[in-house]
Enquirer: 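Structure in structure tokens, see below.
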Amino acid sequence: MQKRPLITAKSKSSSPIKFQLAEPTNSVKSTLLQDAQKGLKVDSLAFCLLGAAQVLTQVLKGVALPSALIKTFREMDPSLSARGAIQDIAYRSMRHMGRAEALLELMIIKAPESRLLHGLLCCSLSLMLHGDDDAEMPYEMFTIVNQAVTAATSHVDMSYAKGMVNAVLRRFLREQESLTKAVLLQPQALWNYPSWWINATKLAYPSDWQTILNNGNIAPPLTLRVNRRKTTLSAYLDNLTEQGIVAHQIGPDAVRLEKPMPVQRIPGFASGYVSVQDAAAQLAMSLLDVQDGMRVLDACAAPGGKTGHILESADFLEVTALDVDAQRLSKVAENLQRLQLSATLKVGDARGGSWWDGQLFDRILVDAPCTASGIVRRHPDIRWLRRKGDTLQLAELSAQILDNLWRMLRPNGKLLFVTCSLWPQESEGQAAAFATRHQAHRLSAPGQLLPTVNKEQDQIQDHDGLFYALFQKPVV
């Protein structure tokens, strides 16, 4: 059998540190749950690091972070607290990925052959890195090192590399100041974004690009939308205060919790008094200006946050929620059931008309497919999953959807175009081209909202980067 190559770690001296690795076993790969049953405590940091590393391997293969978490949890069946820790480490690692990978490249001559080993090292380094926005981590540095070694030791596909894990992480402990200073000369490590993303932000926002990139690396707040059909915002705030939960109003129906918590613990969530929705996303309902009796289409509706908000705003509406993905559309059904509201749910492509009954709509909301570059603080994996060419491809798809749905709008009706993108090709450029093609009358709307973060608990703004353009169809 061919011997496994050495993995070498760079040191300060000219000679690299070499680690002779044991031969890997030929046994079938064990699952994370099997590893836990072999002695790894399911509530330990080692177990959670292993879980987060598994999530990262999926993301780096192209799987979205939420889907990767679901798959990993299915394999592991962890406790609720372990799920929370794995999720926190995975999200943190996505925000620090550029810097963690740059550090590994500096310290290790040959990249780890095992994706899981690479993920474990990135997750461990991410816990040891501290950004300006990071809250104090509940783990000591040496605890992270020891638990990472334990995680590697416990897994059949990484046990051969436990010495390397120990040496690399301990070297970072000793030399973190000089190592960090060295990698911060690289833009991808400094900003924690791919180079093309950094360049695109500079081009679009020459004055604000640094703030935009920084804000995308800060964990988002938990913002709620108060259901005005069931309570008032002031009454709900009073309820939170009585329960010792600190919160602030940041919009007409928007409440930001000072400290995030699981939705199961949010007062009134299960009974539909509130929903989780960013403050910028809550602007859609007021811009649509829906009235009782109107026929409304929410295109690309999943997961249904805006659908629910529309239905909460009037006593009687005929709402159709459309989405091309049946599984995602089921999330709309779940949200509406929790809110005790109803709409017609249809699976269909917004570029076509096979789902349409031929009756015109009074209002159409188009939350168009886009790169989601404006919500990267909530979905930090997006920056690593997107490619430079995605912007133009998605803009073409969005244009097809807008052109098709425009014919379904009643004369004098309104169409609200929304994206969660920061790139002008998907937002303002798209809106301007659409207005020209259809001689659509453009009404007042916010346009491009940049992601805004307020650390001082500002009462006005704390939201993602969304774009809004509102059009009215002329009467022929």
Side-chain angles (χ1 to χ4, degrees), residues 29-60 65 68-97 99-101 103-104 107-108 112 114-131 133-174 176 180 219 259-262 380-381:
K29 288 185 178 181
S30 59
T31 66
L32 293 173
L33 181 57
Q34 288 172 333
D35 290 330
Q37 292 171 335
K38 290 178 181 177
L40 198 61
K41 295 181 179 179
V42 295
D43 59 348
S44 67
L45 177 57
F47 181 78
C48 296
L49 279 170
L50 198 56
Q54 177 66 23
V55 172
L56 257 64
T57 64
Q58 296 299 312
V59 173
L60 295 178
L65 182 52
L69 283 165
I70 291 172
K71 183 178 185 298
T72 299
F73 291 159
R74 189 181 298 122
E75 293 177 355
M76 294 176 63
D77 191 25
S79 64
L80 185 61
S81 61
R83 283 176 182 244
I86 291 169
Q87 178 171 301
D88 288 346
I89 295 171
Y91 271 82
R92 181 186 177 90
S93 298
M94 287 289 100
R95 293 189 177 97
H96 288 283
M97 180 64 73
R99 197 166 300 177
E101 288 194 323
L103 285 166
L104 284 180
M107 291 189 287
I108 303 176
S114 165
R115 288 177 180 267
L116 191 61
L117 177 58
H118 175 267
L120 177 64
L121 287 168
C122 285
C123 288
S124 302
L125 284 170
S126 296
L127 285 182
M128 299 168 77
L129 290 167
H130 293 279
D133 63 293
D134 291 332
E136 184 177 348
M137 291 300 296
Y139 312 113
E140 296 289 341
M141 288 285 206
F142 283 102
T143 299
I144 297 170
V145 175
N146 292 335
Q147 290 294 291
V149 173
T150 299
T153 304
S154 72
H155 199 284
V156 66
D157 294 325
M158 293 192 296
S159 59
Y160 67 86
K162 62 183 181 181
M164 185 198 69
V165 172
N166 182 64
V168 168
L169 297 183
R170 287 188 182 277
R171 182 188 168 188
F172 180 72
L173 271 182
R174 294 192 308 270
Q176 55 185 300
T180 302
K259 294 183 179 179
M261 62 178 61
D381 55 317

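Values reported hereafter were calculated over all heavy atoms of this structure, with side chains retained and with hydrogens, waters and symmetry mates removed. Along the sequence shown, residues are numbered consecutively beginning with 1.
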Enquirer: Kindly give the heavy-atom pair with the smallest separation between L173 and Q176, and that separation in Å.
Expert: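 So the two residues come closest at O-NE2, 3.4 Å.
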
Enquirer: So T72 and R83, do their side chains get closer than 4.5 Å, heavy atoms only?
Expert: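 No; the side chains remain at least 4.5 Å from each other.
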
Enquirer: In Å, rounded to the nearest 0.5 Å, how long is the span from CG of L129 to OG of S124?
Expert: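 Going from the CG atom of L129 to the OG atom of S124 covers 11.0 Å.
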
Enquirer: Do M164 and I108 have side chains that get closer than 4.5 Å, going by heavy atoms?
Expert: yes

Enquirer: Specify the closest pair of heavy atoms between G51 and M76, including all atoms of both residues, with the distance to one decimal.
Expert: CA-SD, 3.8 Å

Enquirer: Partners of A46 by side-chain contact (heavy atoms from CB on, under 4.5 Å), sequence neighbours excluded?
Expert: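 Counting only residues at least two positions away or on another chain, A46 forms a side-chain contact (heavy atoms from CB on, under 4.5 Å) with L40, S44, Q147, T150, A151.
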
Enquirer: Could you state the interatomic distance from CG (D43) to OG (S81), rounded to the nearest 0.5 Å?
Expert: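 It comes to 6.5 Å.
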
Enquirer: Do F172 and L121 have side-chain heavy atoms sitting under 4.5 Å apart?
Expert: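 They are not in contact (no side-chain heavy atoms under 4.5 Å apart), so the answer is no.
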
Enquirer: Could you state the interatomic distance from CG (L69) to CD (Q87), rounded to the nearest 0.5 Å?
Expert: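 L69 atom CG to Q87 atom CD measures 5.5 Å (nearest 0.5 Å).
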
Enquirer: Output the distance between atom CD (E75) and atom CD (Q54), rounded to the nearest 0.5 Å.
Expert: 5.5 Å

Enquirer: Side chains of M158 and L50: closer than 4.5 Å at any heavy-atom pair?
Expert: yes

Enquirer: Work out which heavy atom in I89 is nearest to a heavy atom in C48; give both atom names and the distance.
Expert: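 Minimum heavy-atom contact is CD1-CB, 4.1 Å.
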
Enquirer: Is there a side-chain contact between V165 and L117 (heavy atoms, below 4.5 Å)?
Expert: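 SC-SC contact between V165 and L117 confirmed.
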
Enquirer: Quick one, M97 with L56, criterion side chain to side chain contact (heavy atoms under 4.5 Å, CB included). Give me CA distance, side-chain angles, the key distance, then yes/no.
Expert: CA-CA 10 Å; M97 180 64 73; L56 257 64; 3.3 Å; yes

Enquirer: Could you go through H96 and L125, starting from their C-alpha distance and side-chain angles, then the distance that decides it, and tell me whether this counts as side chain to side chain contact (heavy atoms under 4.5 Å, CB included)?
Expert: CA-CA 9 Å; H96 288 283; L125 284 170; over 6 Å; no

Enquirer: Identify, with sequence neighbours excluded, every residue that meets side chain to side chain donor-acceptor pair (under 3.5 Å) alongside T143.
Expert: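 Partners of T143 under the side chain to side chain donor-acceptor pair (under 3.5 Å) test: none.
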
Enquirer: Using side-chain heavy atoms (C-beta onward) and a distance below 4.5 Å, is V145 in contact with M128?
Expert: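 Yes - at least one pair of side-chain heavy atoms lies under 4.5 Å apart.
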
Enquirer: Which atom pair, heavy atoms only, marks the closest approach of A148 to L120?
Expert: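 The answer is O-CD2, 3.6 Å.
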
Enquirer: Looking at P78 and F73, what are the two nearest heavy atoms and their distance?
Expert: CD-O, 3.5 Å

Enquirer: L45 and I144: which non-hydrogen atoms are nearest, and at how many Å?
Expert: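 Heavy atoms only, the tightest pair is CD2-CA, 4.1 Å.
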
Enquirer: Do any N or O atoms from the side chain of R92 and from the backbone of S126 form a donor-acceptor pair under 3.5 angstrom?
Expert: yes

Enquirer: Quick one: side-chain contact (heavy atoms from CB on, under 4.5 Å) partners of I70, sequence neighbours excluded?
Expert: R74

Enquirer: First locate atom CE of M141, then atom CG of N146, and finally report the distance between them rounded to the nearest 0.5 Å.
Expert: 13.0 Å

